[in-house]
Amino acid sequence: MKEVNANFNAQSIEREVQEYWRIHDTYKTVKKYRSAGKPFFFVDGPPYTTGNIHLGTAWNKILKDSILRYHRMCGLNVIDRAGYDMHGLPIEVKVEQELGFKSKKDIEKFGIRSFIEKCREFAIGNKFLMDDQFASLGVWLDFPNAYQTVQPEYIEAAWWTLARAEEKGMLERGHRVVNWCPRCETAIADAEVEYWDEKDPSIFVKFPLTGKQDEYLVIWTTTPWTLPANVAVAVSEEIEYAKVRATKDERGEYFWIAEPLVRSVLKKGRYQDFTILEKKKGSELRDWKYDSPLQEHVPLQRDIDHKVVTADFVTLENTGIVHIAPGHGWDDYMLGIKEGLCVVCPVDGAGRFKEEAGAFAGQYVKDSNENVLIALGDHLLAKETVIHRYGHCWRCKTPIIFRATSQWFLKASEMRDLMLSEVAKVTWYPEWAGSARFYDWIKEARDWCISRQRYWGIPIPVWVCLKCNKYRVIGTLKELKEAGGKPLKDPHRPFVDEVTIPCNCGGTMKRVEDIFDVWFDSAVASWATLGFPGKTEEFNILWPADFITEGQDQTRGWFYSQLGASIIAFGRAPYRSVCMHGFALDAEGKKMSKSLGNVVTPEEVIAKVGVDVLRLYVLSSSAPWDDLKFNWEGVGTTNRAVNILWNVYRFPLPYMILDTFEPSNRDGVWDGAYIRAHLSHMPDEDRFIISRINTVAATVDTALKECQLHRATRELVNFILEDLSRWYVQLVRPRMWSEGESVDKRHAYETIYYIMRRLISLLAPFCPHLTEEIYQNLRCGNDPASIHLLDWDAGDPVLIDGSLEHAVDIVRSFDDACANARQAGKRKLRWPVSEVVVVTNSAPVKDAIERLNAVCRDRANARKVSVVAGRWERIGWQAEPVMKVLGKGFGKNSFKVRGLIEAADGNHLKVEIESGRTVKLGAGVDVFEIGAEHVTFSEKLPADIYSATMPDATVYVDVRLDEDLEKEGYEREVIRRIQEMRKQLDLVVSEFISVEVLINDLRIYNLLKNDSNHTIAGEVLAVVPDKGILFSFLKPGDKLRTHDSIKDWEIEGATETVSMTIGISRAGD
RNA sequence: GGGCCCGUAGCAUAGCCCGGUGGUGCGCCCGGCUGAUAACCGGGAGGUCAUGUGUUCGAAUCACAUCGGGCCCA
């Protein structure tokens, strides 16, 4: 053990500890030590390699690390391979920006090979950056061996999974409507669409009914550009539609509109008047024919047989008639299939109209809105603008469009039931994350479009024959080598595109150009990380994962994608338990974003308070599944608690070292056996704190099993502050100061050593650096080389004494009450009091005060602490007049009576009245008879008795001074000043001094002069071996010698302020 | 528009499942302590428990609605 003088400096401690881990390869040692344990298969949700981590990412990894450290200490062999998600559009977009590219044509010109090399560099560069950032958080995952989605064996896992999908008939090549980014020119997944408000036209359009004069169906849309692709309108079977004759400027027209909406629609069209002519149910409108209002401008529209269909998604909004373009809408498309409508999509991948769109050819769809309105001419009934939520590409922020294209799908909708039943088998933290949130999401599961028309991703391993159009799914690199005839080093584009496979028909198969949706990459992580399918040994033992934890956004993301892929591959959920955590928000509960300028980075926090404080803060400030409102004040509070832990740790060290204390051990290994062996002989405060740490251990363990990291950490912080710092350390201090050998001191040392060892090992999963630092200083010679090699201790029930813990609680209340009463009596704690009386009828209070009487006397600084049941005889009663009653009975004499009552002997009055008698007060003619109705009684404390209440009891403090008490009070005052001066002189605790105290008050001088110098000298080390007492009092008028330090003091005594001059000098020479 | 979660003093939170006097920490004010001391302790002030309605003898807690925040979806 070495002494610790320095104040707590998180940064330097953490730096040193990390260096220690690096030199000793502690992480590997721990892993090896636990390698024979029961496996605990954890899968790291791979962060995307975009560069800097933010607070949310840090929180995520801190949660993981803390939980895994706990499991390791519990003896489990934790599989903790880290992972990185390194493909996909976000990286492509970044690289495109770097290279100044605007479209896919630029990439093709640049060369796919060069382009993906840039992407690879970008991803790998960021991976290394992030490795360092995670390591700086003290996160122990296997980073050097992290799984990376760009590695060939990882890609193989994805291929293998797709082959299983094909085998089970879950893969489909389909013409479908998908979310499409016109800038990236690719399909994007539902998960990749971001929504925010956008201003769009809101138009009402007249569709002329075939063969009728001036008779129209009225539809509404916010996307005029989809009108060239209109093939039908939908009505609701249930809604009633009205035919109205509407007039505007003398001209009459006939409209069909949902009856309840007629008025509002016509008002928008500025029609002055209308008459309802007839009403029909939607079902009666079925199969009516109409013509496109754009047929003059869009040639393809002339060949379409437009008709009215019914659909259940039509509601009573706008006009109650919905424009249907199966080429540009999901619902539209599904309806089109059901109704046999043709699918028209006159828009290309870049979002421009094709030739068949006639007048609009070449125009970008969003830009064409205005032209469509012009082309509609008189068919435009009304035009407004609307602000509504619209989808955007998550990377480039371009508004998406819906396009019918040929894509590859996994039939997720067919797996819905199996997914739901599998999810029910998973343990969720919190429970509702699975039973409510995830369940609801899966219920809505749609087929998953896994193809993207891009470059940097896992190529879809499907080869299609150019001749017979048959396709084949390749599941492994080996299979490809056999089929294609040559090995493939890098399975990325464009290399994989060069491989052709001969088809049975004699033709040649070429790979489809698509790559996988990047969500499919991470979906296979739980087996890819085990090297499956290339290696199967670990997979067979470990899979599925025991535990994963990610943010709530991963409900639709990784929780879902993994489940889908796993159902396809293995027919079951890939994880046994899932902890869903919240988001890191700013102090106002708003999302952190660059534009709001409210971003707090992990680095900032670390620079201020260090990693362990950051860790403890994020873990304790909210439940994992609640959002974390980041608050600097909270960080400061946590920092303070850690600082107190540090002070508690370093406080006993100088004494232990002075006494060359060595904790009892067996062959250099500490085992805590001393405590068990000596517990029954130890003082109550020791037994209390020993009991507490074991209770806390049990609580922490229970909380951790339920993923309640906030409860675990709060319990520990609370223990440090309340039980250890504010209670135990206060009580144990005098035993540390005592000189020479004593059993008492030995017990104190063993106890505090035991507490520190137990405490830091409970805290180790959350604050791995600080606890390691303390451990290294405390550990015995043959103890494990790192705290992280210790076994978890969930509390020893034998050492727990619940009734003692409860008794201490009561004594703490007593302590508070004493301080309160003293404050009322203006008697400083430094000044002793003769007696404190606790009046109570509560047996537990009585027992506690009596059992812990020595502690009570010490805390109260009282000569005597006693318990009285019922009443304390020194408490008297004060009679108080009830003026309302007095007024009625005594009229103008009331004032006189009041005075008499107040002056009366309350005790006597109360006895009489309570025994049913009346009392006559006053003299001569002014005698009044007082009854029960005239008075109430309140406690009357004798002078110098002050009281305060505590639960189930009242505490009375007698602050009267006698000569002895006053003398001790002044002694304490003098001692306190001398200690202060020692401190200012920077004296070592054990350094001797000589002292002169000049007291400018003869009475006080006389009070102290006789023997107080002995008492004080002993406390301030002014008794020097061989030289005797070097302490003297001087009376008023005397002069001090020269001293190292001389100071004047004003001391507030019991009745007067006394000025003193104190001089102290080193006694050494 | 829908699903899930959250809303408690200036700030952060416990309590809510299972109804019965709203606790705690920070900050603030007053006082104390002093061989952990750029620490520590006590006391005090401070609350429409987001709002409204309902159920109930009784609601922070249960139900419904509204408002605000977060995540996800349409």
Side-chain angles (χ1 to χ4, degrees), chain A residues 4 7-8 190-191 193 195 313 315 317 330-331 388-389 391 430-441 443-444 446 551-557 559-560 580-591 617 620-623 625-638 640-641 643-655 710-711 714 717-718 721-722 724-727 729-730 732-734 736-737 812 815-824 826-831 859 861 948 972 975-980 982-983 987-991 1019-1021:
Chain A
V4 179
N7 283 325
F8 178 60
D190 290 339
V193 180
Y195 292 85
F313 59 75
T315 57
E317 285 169 298
W330 173 257
D331 285 335
H388 63 159
R389 305 259 290 162
E431 190 274 335
W432 51 259
S435 67
R437 202 188 166 108
F438 198 38
Y439 191 90
D440 286 341
W441 166 249
K443 265 196 327 208
E444 305 290 319
R446 300 200 308 202
Q552 50 188 333
D553 53 331
Q554 298 304 330
T555 304
R556 70 163 177 173
F559 297 160
Y560 178 69
M580 184 193 82
H581 68 77
F583 259 57
L585 310 174
D586 76 0
E588 266 87 57
K590 295 235 160 55
K591 200 174 168 173
Y617 169 70
S620 63
S621 75
S622 60
W625 41 85
D626 281 336
D627 288 340
L628 170 74
K629 287 195 213 168
F630 183 87
N631 183 302
W632 278 109
E633 235 175 67
V635 174
T637 305
T638 306
R640 196 186 62 123
N643 200 35
I644 290 170
L645 170 65
W646 184 257
N647 282 330
V648 168
Y649 150 66
R650 70 179 186 148
F651 141 74
L653 295 176
Y655 312 109
H710 61 308
R711 295 220 168 149
R714 285 172 190 177
V717 168
N718 194 51
L721 299 181
E722 299 293 332
L724 193 52
S725 168
R726 290 175 193 166
W727 188 252
V729 168
Q730 300 309 320
V732 83
R733 279 152 77 184
M736 301 267 161
W737 304 335
R812 281 167 162 168
D815 191 23
D816 293 352
C818 284
N820 199 347
R822 271 176 172 275
Q823 194 169 333
K826 294 197 166 58
R827 180 68 75 238
K828 293 186 272 193
L829 186 56
R830 200 146 56 213
W831 288 64
R859 299 294 300 172
N861 193 13
R972 302 308 320 170
I975 290 166
R976 154 87 194 88
R977 264 61 176 197
I978 295 170
Q979 298 291 23
E980 173 75 33
R982 285 186 65 114
K983 177 124 206 110
L987 299 184
V988 187
V989 177
S990 51
E991 185 153 4
E1019 295 237 10
V1020 301
L1021 285 202

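This structure is a prediction, so every number in the text was calculated from the model and none was measured. In what follows, chains carry the letters A, B, and so on, assigned in the order in which the sequence lines appear, proteins first and then strands, with residues in each chain numbered from 1.
- In this structure, CZ of A/Arg976 is placed 11 Å from C1' of B/rG32, rounded to the nearest angstrom.
- Closest contact between the side chain of A/Ile644 and the listed nucleotides B/rC40, B/rC5, B/rG70 involves B/rC40.
- Counting any heavy atom pair closer than 4.0 Å across all strands shown, A/Gln730 reaches a base atom.
- Spacing of C1' atoms, B/rC49 relative to B/rC30, comes out at 29 Å, to the nearest Å.
- Between A/His710 and A/Asn718, the one whose closest nucleotide on RNA chain B sits nearer the 5' end is A/His710.
- Side-chain rings of A/Tyr649 and A/Trp646 approach one another, their centers coming within less than 6.0 Å.
- Of the C1' atoms belonging to B/rG10 and B/rG47, the separation is 12 Å, rounded to the nearest Å.
- Rounding to the nearest 0.5 Å places CH2 of A/Trp441 at 13.5 Å from CZ of A/Phe559.
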Subject >> salt bridge (Lys or Arg N to Asp or Glu O under 4.0 Å) between A/Glu1019 and A/Arg976, worked out >> reply: CA-CA 10 Å; A/Glu1019 295 237 10; A/Arg976 154 87 194 88; over 6 Å; no
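- Look at CG on A/Asn631: it is 16 Å from C1' on B/rG7, rounded to the nearest Å.
- Each of A/Glu1019 and A/Trp330 was matched to the nucleotide of RNA chain B holding its nearest heavy atom; the match closer to the 5' end belongs to A/Glu1019.
- Comparing B/rA36, B/rG43, B/rC6 by their closest approach to the side chain of A/Asp816 singles out B/rG43.
- Between the CZ atom of A/Arg711 and the C1' atom of B/rU24 there is a distance of 14 Å, rounded to whole Å.
- Here B/rC72 is the nucleotide among B/rA14, B/rA36, B/rC72 with the atom lying nearest to any side-chain atom of A/Trp441.
- The partner of B/rG44 is B/rC28, judged by Watson-Crick or G-U wobble contacts that both fall below 3.5 Å.
- The residue A/Thr555 sits apart from the nucleic acid: no heavy atom pair falls under 4.0 Å.
- Rounded to the nearest Å, the gap between the C1' atom of B/rA50 and that of B/rC5 is 16 Å.
- Rounded to whole Å, the separation between the C1' atoms of B/rA60 and B/rG7 comes to 12 Å.
- In this entry B/rU21 has no Watson-Crick or G-U wobble partner, no candidate having both defining distances under 3.5 Å.
- Spacing between B/rG20 and B/rU51 at atom C1', rounded to whole Å, works out to 24 Å.
- Using a 4.0 Å heavy-atom distance criterion, A/Tyr439 is classed as making no nucleic acid contact.
- Counting only heavy atoms from C-beta on, A/Arg830 has its side chain closest to B/rC33 among B/rC5, B/rG70, B/rC33.
- Interface remark: the A/Ser725 side chain does form a donor-acceptor pair with the B/rA36 base, using a distance-only criterion of under 3.5 Å.
- Using C1' as the reference atom, B/rU61 and B/rC16 are 4 Å apart when rounded to the nearest Å.
- Atom P of B/rU48 sits at a distance of 23 Å from the matching atom of B/rC67, rounded to the whole Å.
- Counting non-hydrogen atoms of neighbouring residues, nucleotides and ligands closer than 6.0 angstrom, the CZ atom of A/Phe651 exceeds 12 such neighbours.
- Between the side chain of A/Arg972 and the backbone N or O of A/Leu829, no donor-acceptor pair lies under 3.5 Å.
- Taking only side-chain atoms of A/Phe583, from C-beta outward, the nucleotide of B/rA36, B/rG43, B/rG70 with the closest atom is B/rG70.
- Comparing the P positions of B/rG42 and B/rC26 gives an interatomic distance of 9 Å, to the nearest angstrom.
- Candidate nucleotides B/rA74, B/rC33, B/rA36 were compared by shortest atom distance to the side chain of A/Lys828, and B/rC33 ranks first.
- As rounded to whole Å, 9 Å separates atom P of B/rC33 from atom CZ of A/Arg977.
- When the C1' atom of B/rG69 is taken as reference, atom CZ of A/Phe630 falls 19 Å away, rounded to whole Å.
- When heavy atoms are screened at a 4.0 angstrom cut-off, A/Arg972 is found touching no nucleic acid atom at all.
- Pairing for B/rC4 goes to B/rG70, judged as Watson-Crick or G-U wobble with the two contacts each under 3.5 Å.
- Rounding to the nearest 0.5 Å gives a distance of 9.5 Å between CZ of A/Arg859 and CZ of A/Arg812.
- Looking only at distances, a side-chain donor or acceptor of A/Tyr617 sits under 3.5 Å from a matching main-chain atom of A/Asn631.
- Ranking B/rC71, B/rG35, B/rC40 by closeness to the A/Arg733 side chain, first place goes to B/rG35.
- Within the 4.0 angstrom heavy-atom criterion, no nucleotide atom of any strand lies near A/Arg982.
- The CG-C1' distance, from A/Asn643 to B/rA38, rounds to 9 Å in whole Å.
- Looking at the side chain of A/Asp440, the nearest of the listed nucleotides B/rC4, B/rC26, B/rC40 is B/rC4.
- Picking from B/rG32, B/rG35, B/rC5 the nucleotide with the shortest atom distance to the side chain of A/Leu829 gives B/rG32.
- For A/Arg812 and B/rU24, the CZ to C1' distance is 14 Å, given to the nearest whole Å.
- In terms of phosphate contacts, A/Arg822 brings no side-chain nitrogen or oxygen within less than 4.0 Å of OP1 or OP2 of B/rG32.
- The closest donor-acceptor contact from the side chain of A/Arg822 to the backbone of A/Arg827 lies under 3.5 Å.
- Minimum atom distance to the side chain of A/Asp553 is reached by B/rC72, of the listed B/rU13, B/rC72, B/rA39.
- Distances shown here put every side-chain N or O of A/Arg859 at or beyond 4.0 Å from the OP1 or OP2 atom of B/rG32.
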